Amino acid sequence: MPELPEVETVVRGIAPHLKKRRITQVELRRADLRVPFPKGFKERLEGAGITGISRRAKYILIELDTAETLVIHLGMSGSLMFREAPFKKHDHVIFTLDNGKKLIFHDPRRFGLMDLVKDTKTHKLFAHLGVEPLAEGFNSVTLGASLKTRSGPIKTAIMDQKVVVGVGNIYASESLFQAHISPLRKANSLKKSEISALCEGIKNVLELAIKSGGSSIKDFVQSSGKPGYFQHSFEVYGHTNKPCLCAAKHGILKITPLVKKITQQGRATYYCNNCQK
DNA sequence: AGATATTCCTGGAGGC
DNA sequence: TGCCTCCAGGAATATC
């Protein structure tokens with residue numbers, strides 16, 4: 001479910017409520033998510049003080065005073081919310097804080113995961129991750145270098161967390177639309193100017209989405225329980241067979257360009273073959 | 001090595 | 001109403 005803007009929205013939503021609190025109780029309502037919980041998960045967390053909350057790629061990082069970091073990935077359908085009992089179906093983990101508040105991890109599809117790690121730089125989940133798209137290190141030079149060796153489609157490349165983190169299926173289509181680049185282009189065929197445009201497209205789309213509290217298609221909710229509203233700003237995602245925005249920009253055309261839906265790597269891609277080349 | 005297909009899981013939507 | 005198939009914000013793994 002959540003891509004970078006949604007995870008960032010969750011982090012911003014829960015951070016003020018977690019800051020300087022202590023975890024007093026952890027209830028695991030099943031033995032695993034996508035993977036088993038690490039050994040001693042509950043015991044290692046209970047009593048730990050929270051010293052920081054941040055995000056790396058699509059992972060939520062909760063730093064503890066035990067020299068460990070609680071890592072949470074929301075997968076496709078995960079959410080974190082402060083709620084009270086009664087618990088619902090798919091409420092898999094309940095963290096109780098020293099002020100009595102309960103942070104509930106809810107994840108119907110169970111593609112999420114949790115781990116406790118000593119060093120998030122070298123840990124297996126993080127070692128291969130590429131650059132953060134909203135950090136200094138992401139620019140047309142670094143993106144160009146990663147794309148140089150890739151002959152697969154550009155859409156697949158920007159969704160690869162080794163190239164740039166946080167861009168998922170929605171924002172890949174939206175960024176390419178912004179940059180006027182076809183998702184079918186071979187990644188290593190992009191010109192310098194196109195790589196720059198793609199960089200800007202990715203940054204703009206992600207930043208705007210964060211400002212909107214993320215996108216809610218099916219079940220994404222912020223930690224407040226409210227949906228995000230960036231889905232109303234989608235320009236191609238989900239717009240199958242609707243007129244592309246370029247129709248208006250370029251005046252009356254003989255044939256109105258329509259947004260196409262295709263499949264790449266088993267995932268839906270939306271684009272306009274009139275304005276994306 | 002790099003590209004592509006498959007897999008994990010549940011629920012909602014749409015077809016018949 | 002019910003049953004069936006397909007599809008969904010991710011990403012590791014297997015296969016070519």
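Here is the naming used below: chain letters follow the sequence lines, and residue numbers restart at 1 for every chain. The shown structure was predicted, so the numbers you read here are calculated from the model rather than taken from an experiment.
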Quiz item: Once each nucleotide of nucleotides 8-15 of chain B is scored for protein heavy atoms under 4.0 Å, what B/S/- sequence comes out, 5' to 3'?
Solution: BBBB----

Candidate nucleotides [options], ranked by approach to the side chain of [X] - the nearest:
X	options	answer
Ala268(A)	dT4(B), dA8(C), dG10(C)	dA8(C)
Pro153(A)	dA8(C), dT4(B), dA12(C)	dT4(B)
Glu3(A)	dG10(C), dA8(C), dA3(B)	dG10(C)
His128(A)	dG2(B), dA8(C), dA12(C)	dA12(C)

Practice problem: Remember a base hit wins even if backbone is also touched, and classify Arg150(A) as base, sugar-phosphate or nothing at under 4.0 Å, heavy atoms. | Solution: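 Answer is sugar-phosphate: Arg150(A) comes under 4.0 Å of backbone atoms only.
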
Quiz prompt | Nearest heavy atoms of Ala172(A) and Met159(A), plus distance in Å | solution =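 Ala172(A) and Met159(A) have their closest heavy atoms at CB-CG, 3.6 Å.
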
With the threshold set at 4.0 Å, does a side-chain nitrogen-carboxylate oxygen contact exist between [X] and [Y]?
X	Y	answer
Glu207(A)	Lys203(A)	no
Lys58(A)	Glu3(A)	no
Asp107(A)	Arg34(A)	no

Exercise. Consider only side-chain N and O atoms of Gln178(A) and Tyr171(A), and report whether a donor and an acceptor are under 3.5 Å apart.
Key: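 Short answer, no.
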
Quiz item: Expressed in angstrom and rounded to an integer, what is the separation of Leu33(A) atom CG from dT7(B) atom P?
Solution: 22 Å

Self-check item: Secondary-structure stems, DNA chain C, at least 3 Watson-Crick or G-U base pairs under 3.5 Å
Solution: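 Stem segments, range with range: B:2-8 with C:10-16, B:10-16 with C:2-8.
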
Self-check item: Interatomic distance at P, dA11(C) relative to dA1(B), whole Å
Solution: 22 Å

Quiz item: Does a side-chain N or O from Lys261(A) land closer than 4.0 Å to OP1 or OP2 of dA8(C), or not?
Solution: yes

